[in-house]
Enquirer: 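Quick one: the structure is below, and I'll ask about it shortly.
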Amino acid sequence: MIFFLPVRDLAVVVRLPPSAFFFVMSLGSVHFGCGAKIPESLHTVDESNTIHWHQIEPNRSGKMKTLLRDIQNDHGPISAVVFDRFYAEEAFSFRIREICPDALLVLDMQDIHSLRLGRQCLVEETDRHRNKNTSNRSMRMTKKLMDKVMEFDPSLLNSTGSKRREKAYDTFLRELASVYRSDLVLVCSTDEMKLFESWNIHKRKLVPASFFCMEAGDGMPSKTTTCPTSYAFGDRKDFVTVGGFKHAPNVDAVKLLRYEIWPRIRERLPDARMHVYGAYPPPLILSMQDEKSGFIVHGQVEDIDEVLSKSRVLLAPLRFGAGVKGKIVDAWRCGCPVVTTPVGAEGMMGEDERSDVASDGNKFIKMNDGRWGGLIASDTDEFVDAAVKAYTQKELWERYQGKGSDLLNQLFNGRVNLPVVESGIRDAVASLRQRRRLDVVGAILW
């Protein structure tokens, strides 16, 4: 039996239910702990009654202990507990270790938070420096900035300076401590795997665990499958961007789109429109609505697959961030090519593409000859040109669409990725005592 703790948001729901179904087939019952109210739709995902949901009240250690004992009394020993991000491990691991000392503790990183926060520091400091002697509050995307962002290493941060820097450094230390306390760590991409190894985290503790996309008919929730309908180039229109607005990289990207990128695209494509989707749009984002310029803010959407299936190009001008970008996975699932930045493309390249990038002085230039599922741009001028090119050139668009599908199957195939995670967990459960004996740093932190 395995316990996921806690489920927080849509990004987790996209990644975890496929793994839950897979683990039911191989490990028995699966339990989810959720701090928020549990949506009714999640109760109906599993008809076999082998997936169970439990609402967990915050700061109620007594109730948490009782829940763990009740689960084990009703379903047998808990073999493994998967923590959704490091702060779930911080909040619950000590209770788990107390009540279930033989349970494997698995940390699902989602992404390296301190990497994202540190990159945000770089971008905001660059903006402030550029605007310090003017009332203008412009935000730019340049190759120099993108290079700095992509080369950033949170281990090199110092704890002095801005509050944002202090938070990023504190987050790095907390993440690293959480990694050491855990028996196994699920890592979303090869890029972040290399960072962990550079910080001397042993390979035996790391397991690759990216998105798990399935084919329709595999018995998985629809949001993890490829779209059944893929419209052709001529049947699609307009640009789209997607992302929840409680996530700072998405807010920054939409601001950049509205004020720096979209006006220039619109000059060249006067009939095109830019559609913005995402939950929790703040007043700043809502105020960007402008029918005259074709910039349309929709907010949350019920069925993003339908939107992406009918859109011609997804724009994701991310200046900072980390991890694998779910919006790009979703776009490729729906046959929608993408124009993004090196940050957006991070962790979304196959072996051949990574080899080309590593050997090319111009970094992502080679990806723009049709070897990726769209185009990658490092500055505003490049981004505008790439957006127009992807939108207007049918032959190239079809090539990008096909490559996106190829990369989806190569990198995010659930039938390939899920067994790797399952095997990693099984092996770790079987060798738990030996692992803990060898993990001296982890033992110190306990």
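What you are looking at is a predicted structure, and each value in this text was computed from that prediction instead of being measured.
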Enquirer: Please say whether more than 12 non-hydrogen atoms of neighbouring residues, nucleotides or ligands are located less than 6.0 Å from CZ in Phe94.
Expert: yes
Enquirer: Give, for atom CG of Leu157 and atom NZ of Lys167, the distance between the pair rounded to the nearest 0.5 Å.
Expert: 13.5 Å
Enquirer: Tell me whether Lys143 is salt-bridged to Asp379, with the criterion being a basic N under 4.0 Å from an acidic carboxylate O.
Expert: no
Enquirer: Identify the heavy atoms of Thr340 and Ala345 that sit nearest to each other, and give their distance.
Expert: CG2-N, 3.9 Å
Enquirer: Can you tell me how far apart CE (Met109) and CG (Leu115) are? Round to the nearest 0.5 Å.
Expert: 9.5 Å
Enquirer: Is the ring centre of Trp199 less than 6.0 Å from the ring centre of Phe172?
Expert: yes
Enquirer: For Glu346 and Arg119, run salt bridge (Lys or Arg N to Asp or Glu O under 4.0 Å): C-alpha distance rounded to whole Å, both residues' side-chain angles, the deciding distance at 0.1 Å, then the answer.
Expert: CA-CA 13 Å; Glu346 186 177 41; Arg119 286 171 167 176; 2.8 Å; yes
Enquirer: I'd like to know if the side chain of Lys325 and the backbone of Gly323 have a donor-acceptor N/O pair within less than 3.5 Å.
Expert: yes
Enquirer: I would like to know whether Glu125 and Arg164 meet salt bridge (Lys or Arg N to Asp or Glu O under 4.0 Å); could you show each step before the answer?
Expert: CA-CA 10 Å; Glu125 288 168 3; Arg164 184 83 72 187; over 6 Å; no
Enquirer: How far apart are the closest heavy atoms of Cys188 and Val324, and which atoms are they?
Expert: O-CG2, 3.5 Å
Enquirer: Apply salt bridge (Lys or Arg N to Asp or Glu O under 4.0 Å) to residues Arg333 and Asp305 and explain how you reach the verdict.
Expert: CA-CA 8 Å; Arg333 284 194 306 105; Asp305 283 7; 2.8 Å; yes
Enquirer: Tell me every residue that passes side chain to side chain donor-acceptor pair (under 3.5 Å) with Asp385, counting only those two or more places apart in sequence or in another chain.
Expert: Arg268
Enquirer: Using a 4.5 Å cut-off on heavy atoms from C-beta on, say whether the side chain of Leu117 contacts that of Tyr169.
Expert: no
Enquirer: According to the ring pair (Phe, Tyr, Trp, His ring centres under 6.0 Å) rule, which pairs have a member within residues 310-331, sequence neighbours left out?
Expert: none
Enquirer: Please confirm whether the backbone N or O of Val179 pairs with a side-chain atom of Lys205, one donor and one acceptor, at under 3.5 Å?
Expert: yes
Enquirer: Does the side chain of Ser178 come under 3.5 Å of the side chain of Glu89 through a donor N or O and an acceptor N or O?
Expert: yes
Enquirer: In Å, rounded to the nearest 0.5 Å, how long is the span from SG of Cys336 to NZ of Lys327?
Expert: 13.0 Å
Enquirer: Backbone N or O of Val185 within a donor-acceptor pair of the Ser182 side chain at under 3.5 Å?
Expert: no
Enquirer: How would you list, by chain and number, every residue that makes a salt bridge (charged side-chain N to carboxylate O under 4.0 Å, His left out) with Glu197, sequence neighbours excluded?
Expert: none
Enquirer: Take Val82 and Leu105 through the test side-chain contact (heavy atoms from CB on, under 4.5 Å) and record every step on the way to the result.
Expert: CA-CA 6 Å; Val82 180; Leu105 303 183; over 6 Å; no
Enquirer: Could Asp111 and Arg85 be called an ion pair, given the rule that one side-chain N must be under 4.0 Å from one carboxylate O?
Expert: no
Enquirer: Determine whether Leu315 and Val313 make a side-chain contact, defined as any pair of heavy atoms from C-beta on separated by less than 4.5 Å.
Expert: yes
Enquirer: Does the side chain of Arg435 come under 3.5 Å of the side chain of Ser431 through a donor N or O and an acceptor N or O?
Expert: yes
Enquirer: Centroid-to-centroid, Phe92 to Phe83, below 6.0 Å?
Expert: no
Enquirer: May I ask you to decide if the ring planes of Phe239 and Tyr391 are parallel, tilted or perpendicular, using 30° and 60° as cut-offs?
Expert: parallel
Enquirer: If you round to the nearest 0.5 Å, how far is OH of Tyr259 from CE of Met288?
Expert: 4.0 Å
Enquirer: If you draw a 6.0 Å radius around CD in Gln300, do more than 12 non-hydrogen atoms from other residues or ligands fall strictly inside?
Expert: no
Enquirer: Does any N or O in the side chain of Gln410 come within less than 3.5 Å of the main-chain N or O of Asp406, such that one atom is a donor and the other an acceptor?
Expert: no
Enquirer: If you define the side chain from C-beta out and look only at heavy atoms, does anything of Phe412 sit under 4.5 Å from Met348?
Expert: yes
Enquirer: Donor-acceptor pair, distance only, cut-off 3.5 Å: does the side chain of Asn417 make one with the backbone of Leu411?
Expert: yes
Enquirer: Please name the pair of heavy atoms, one in Ala232 and one in Trp397, separated by the smallest distance, quoted to 0.1 Å.
Expert: C-CH2, 4.2 Å
Enquirer: Please report the interatomic distance CZ(Arg116) to OG1(Thr171), rounded to the nearest 0.5 Å.
Expert: 9.0 Å
Enquirer: Do Leu176 and Ile201 have side-chain heavy atoms sitting under 4.5 Å apart?
Expert: yes
Enquirer: Hey, is Glu260 close enough to Lys255 for a salt bridge, meaning N to O under 4.0 Å?
Expert: no
Enquirer: Any side-chain heavy atom of Val254 sitting closer than 4.5 Å to one from Phe245?
Expert: yes
Enquirer: Could you go step by step and tell me if Tyr277 and Thr241 meet the side-chain contact (heavy atoms from CB on, under 4.5 Å) rule?
Expert: CA-CA 6 Å; Tyr277 292 93; Thr241 193; over 6 Å; no
Enquirer: Taking it one step at a time, do Val149 and Val123 satisfy side-chain contact (heavy atoms from CB on, under 4.5 Å)?
Expert: CA-CA 8 Å; Val149 166; Val123 169; 3.9 Å; yes
Enquirer: Could you give me the CA-CA distance, side-chain angles and deciding distance for Val307 and His298, then say whether side-chain contact (heavy atoms from CB on, under 4.5 Å) is met?
Expert: CA-CA 11 Å; Val307 169; His298 297 273; over 6 Å; no
Enquirer: Centre-to-centre under 6.0 Å for Tyr87 and His113, is that the case here?
Expert: yes
Enquirer: Can a donor-acceptor pair be found, under 3.5 Å and without considering hydrogens, that links the side chain of Gln55 to the backbone of Gly33?
Expert: no
Enquirer: Would you say the side-chain atoms of Arg319 pair up with the backbone N or O of Leu145, donor to acceptor, closer than 3.5 Å?
Expert: no
Enquirer: Given side chains that start at C-beta, do those of Pro208 and Val187 come closer than 4.5 Å, heavy atoms only?
Expert: no
Enquirer: Is there a side-chain contact between Leu107 and Leu184 in this structure, where contact means two heavy atoms from C-beta onward sitting under 4.5 Å apart?
Expert: no
Enquirer: On a heavy-atom basis, which atom in Ser93 and which in Arg181 lie closest, and how many Å separate them?
Expert: OG-NE, 4.4 Å
Enquirer: Can you measure from CG (Asp170) to NZ (Lys163) and round to the nearest 0.5 angstrom?
Expert: 14.0 Å
Enquirer: Report yes or no: does Asp238 contribute a side-chain atom to a donor-acceptor pair with the main-chain N or O of Arg273 at less than 3.5 Å?
Expert: yes
Enquirer: Under a 4.0 Å threshold between the charged nitrogen and the carboxylate oxygen, would Arg436 count as salt-bridged to Asp439?
Expert: no
Enquirer: Using modelled atom types only, decide if a donor and an acceptor are shared between the side chain of Arg236 and the backbone of Leu308 within a distance under 3.5 Å.
Expert: yes
Enquirer: Between His202 (side chain) and Arg204 (backbone), is there a donor-acceptor pair under 3.5 Å?
Expert: yes
Enquirer: Just wondering, do Met274 and Arg258 contact through their side chains at under 4.5 Å, heavy atoms?
Expert: no
Enquirer: Looking only at heavy atoms, what is the nearest atom pair of Pro337 and Gln401, with distance?
Expert: CG-N, 3.9 Å
Enquirer: On a heavy-atom basis, which atom in Phe233 and which in Ala390 lie closest, and how many Å separate them?
Expert: CE1-O, 4.4 Å
